[in-house]
Q: 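One structure coming up, written as structure tokens, with questions to follow.
Within every chain, numbering begins at 1; the chains are lettered A, B, ... in the order of the sequence lines, protein sequences first and strands thereafter. Remember, it's a predicted structure, so these values are computed and weren't measured experimentally.
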Number of protein chains: 2
Amino acid sequence: MAAKKHPALSAAQLAGVARLFAVLSEPSRLVLLQALHAGPLTVNEMVEASGLKQANVSKQLAILHDSHLVRRERDGNSIRYEIADPMVFSLCNLVCSKMVRDAQCAMAMFHPEI
Amino acid sequence: MAAKKHPALSAAQLAGVARLFAVLSEPSRLVLLQALHAGPLTVNEMVEASGLKQANVSKQLAILHDSHLVRRERDGNSIRYEIADPMVFSLCNLVCSKMVRDAQCAMAMFHPEI
DNA sequence: TCGTTATATGAACATATATTCATATAGTAT
DNA sequence: ATACTATATGAATATATGTTCATATAACGA
């Protein structure tokens, strides 16, 4: 039986969805989000935590900010970023559990007894 | 208070997560997934339903198949695809609800009374 | 076997974007 | 005002990939 709860999304809506997935499709941005998972951080702190160059961190944060995934706030001379929408972690958890499922499935092809 | 339920993901794990988001970051692939939401379809049926060229549909389906998001099965002369992991729709629904939230937030900046 | 239909794939092209360097902007302190 | 620190941004480059055309592969029917 085919599921059909939601109406089809328009091309523009699909483009919007695709755009947000694209924001999450870059490991450097996921690194930054993961760092922010523990709490707010300044740009410099994220540069140190991630090993990425400062210019790169700034640009990736700008992209995350444009997508309303992070919020920023000036703190003296620095700028502190924090997660604006915890939904990103729900997305990541779904993807992670899928990867575990796929991995278990692949494993089963070699070790059916387990 | 900072949330911290999950251990940090390794670079390889983040790359895997990013890869799956990348698969979902292309409108043409979302169109195909949305078409398959109503039930299994052959390549030709998806060409007609999507308006995309046949070569393009085949390539995008191959990418979806590599990610184990769709399954394929030969049916006579054609090949029938179907959703292999309904989790993709959970992902899309999360993103959609976020977009609604953001849109309502943007709206409120112009119509605070609503 | 031969022709037809359905799907996949290689080559070529255009486009998008991540990364880096250099520099600009903004805030702070002396 | 000047020097210093923190962050953002423009230019340049490299890389990835979506799209299309042409063609290959595979199944089916006569």
Q: I want to check one thing: is the phosphate of dA6(D), taken as OP1 and OP2, less than 4.0 Å away from some side-chain N or O of Thr42(A)?
A: no
Q: Taking OP1 and OP2 of dA8(D), is either one under 4.0 Å from a side-chain nitrogen or oxygen of Tyr81(A)?
A: yes
Q: Separation of Leu32(A) atom CG from dA8(D) atom P, in whole Å?
A: 12 Å
Q: Looking only at side-chain atoms of Lys59(A), point me to the closest of dA11(D), dC21(D), dA26(C).
A: dA11(D)
Q: Do any side-chain nitrogens or oxygens of Arg74(B) fall under 4.0 Å of OP1 or OP2 in dT7(C)?
A: no
Q: Side chains of Met46(B) and Thr42(B): does their closest heavy-atom pair fall under 4.5 Å?
A: no
Q: Once you round it to whole Å, what is the distance between P of dT19(D) and CD of Gln60(B)?
A: 5 Å
Q: Reading DNA chain C from 5' onward, which residue's closest nucleotide shows up sooner: Glu26(A) or Ala55(A)?
A: Glu26(A)
Q: Without swapping roles, check the side chain of Asn56(A) against the backbone of Leu52(A) for a donor-acceptor pair under 3.5 Å.
A: no
Q: Return no unless some side-chain N or O of Asn44(A) is found under 4.0 Å from OP1 or OP2 of dT7(D).
A: yes
Q: Does Arg29(A) make a side-chain N or O approach to OP1 or OP2 of dA18(C) shorter than 4.0 Å?
A: yes
Q: With distance as the sole criterion, do the side chain of Asn77(B) and the base of dT5(C) form a donor-acceptor contact below 3.5 Å?
A: yes
Q: Please determine whether a side-chain nitrogen or oxygen atom of Arg72(A) lies at a distance below 4.0 Å from atom OP1 or OP2 of dT7(D).
A: no
Q: Of Glu73(B), Arg72(B), Glu45(B), which meets side-chain hydrogen bond (donor to acceptor under 3.5 Å, both in side chains) against Tyr81(B)?
A: Arg72(B)
Q: Taking C-beta and beyond as the side chain, do Glu82(A) and Leu41(A) meet within less than 4.5 Å on heavy atoms?
A: no
Q: What is the separation between atom CG on Asp75(B) and atom P on dT5(C), rounded to the nearest whole Å?
A: 18 Å
Q: How many Å lie between CG on Leu24(B) and C1' on dG18(D), as a whole number?
A: 16 Å
Q: Inspect the contact between Asp85(B) and Arg101(A) and indicate whether a charged nitrogen and a carboxylate oxygen are less than 4.0 angstrom apart.
A: yes
Q: Ignoring hydrogens and angles, are the base of dA8(C) and the side chain of Gln54(B) linked by a donor-acceptor pair under 3.5 Å?
A: yes
Q: Check every atom of dA8(D), dG18(D), dT7(D) against the side chain of Ser78(A) and return the nucleotide holding the closest atom.
A: dT7(D)
Q: Expressed in angstrom and rounded to an integer, what is the separation of Leu52(B) atom CG from dC21(D) atom P?
A: 13 Å
Q: Distance check needed: dA8(D) C1' versus Leu61(A) CG, whole Å only.
A: 11 Å
Q: dA6(C) P sits how many Å from Glu73(B) CD, rounded?
A: 18 Å
Q: Please give, in whole Å, the distance from dA22(D) C1' to Lys53(B) NZ?
A: 13 Å
Q: Considering just the side-chain nitrogens and oxygens of Ser28(B), establish if one lies under 4.0 Å of OP1 or OP2 belonging to dT19(D).
A: yes
Q: Is it the case that Asn44(A) and Glu48(A) place a side-chain donor and acceptor less than 3.5 Å from each other?
A: no
Q: State whether Asn56(B) places a side-chain N or O below 4.0 Å from either non-bridging phosphate oxygen (OP1 or OP2) of dG18(D).
A: no
